[in-house]
Amino acid sequence: MAEFELPTVDLNVYSPKNPAEATIVENYVCTAESSPNIIRHITFDVSGTDLDGKFKVGQSIGVLPPGEDHRGKPHKLRLYSVSSPSKGENGKSNLVSTTVKRAMDEVDGTFYMGVCSNYLCNLKPGDKVKVTGPSGRRYLLPTNAKDFNYVFFATGTGIAPFRGMIMELFEQGITNQVALIFGCPYRTDVIYPNYLHEMEAKHDNFHYIKMISREDRRQDGSKYYVQTAIDDHADTLSPILGAENTLIYLCGMKGMETGIYQNLAKHGFFSYLTLKGDLADRDPSTWTWEEAKKMIKPSVRTFEEVY
Ligand code: A2P
């Protein structure tokens, strides 16, 4: 595989004890259509702080929601993946964006709203927010980014870093292949559809694959998930995954990890994985889910940010 180096990055210029104050400049719904799955694109202005120009694509920004939890302690910091490129949103080094889903849930008949995501989603331009960061030292694009092909696997707001990475790669004039596999429940939940369709129309080397889980079923009755794209879109993905200079990135639900690894192995793409125990000596079709979960780790070609 081609060698790569990761850029050196700034870390924790601001911490929860001494946060910076950012100002909201935009906050809008960024899904295909209005949907019960509410996803917003939120941009912070960090000018006048030492965060100006500091975030690299792939890193996260911390947000300190005001108020206290049920034990009277100040709310803890939440991390959000940056969705703007390293140059900043619209090329402005003082603008940092993120992609936030309004979290809500019902447990035993009681409705709960996510503390920080709802705080952020309710903010208006001009409102001030306490932020920290940057955080993350490995989930980055290599310094020689154009030398590689990329396969990005995202579920839901896991798309955040890939929006910025795709912007950055094509701004650099990448001629290698870039595939984005994006999973969400319904077509209305597709995030950043306008930008991504535009990129697909403009660049033959950009492949945009949507895996919609709750509208249709695969022939065997299973759901369309990001990992099933390795089978369902093998014509597009196999040549890219089989190339020597391809890196893969996963971002989103932890559940996708094992499925992606198992499917890569079934197709013979072992170099993205580190196999423990006796897995390497056995046919991947005999690996159980539990074994795969415990004994497959990412290799140096695989980057993951799952939660
Ligand atoms: P589903 O919930 O239909 O099973 P969102 O964050 O917008 O809810 O989207 C997450 C997407 O990831 C949904 O399409 C969801 O499908 C899907 N998903 C759920 N579990 C897994 C898993 N184990 N592997 C891959 N995708 C998953």
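Residue numbers start at 1 and run along the sequence shown. All ligand and atom numbering here is 1-based and tracks the order in the structure.
- Ligand 1 is surrounded by Asn37, Lys101, Thr155, Gly156, Gly183, Cys184, Pro185, Ser213, Arg214, Lys223, Tyr225, Gln227, Met253, Gly255, Met256, each with at least one heavy atom closer than 4.0 Å.
- Of the candidates Leu141, Ile166, Leu180, Leu141 is the only one forming a side-chain contact (heavy atoms from CB on, under 4.5 Å) with Tyr150.
- The residues Arg282 and Asp278 are annotated as salt-bridged, a charged nitrogen and a carboxylate oxygen being separated by less than 4.0 angstrom.
- With no hydrogens or angles considered, a side-chain donor-acceptor pair links Asn245 and Asn149 at under 3.5 Å.
- Residues Met167 and Tyr195 form a side-chain contact, since some pair of their non-hydrogen atoms from C-beta on lies under 4.5 Å apart.
- Tyr272 has its ring centre no less than 6.0 Å from the ring centre of Tyr261.
- Counting heavy-atom neighbours within 6.0 Å of Asp108 CG, excluding the residue itself, gives a total of 12 or less.
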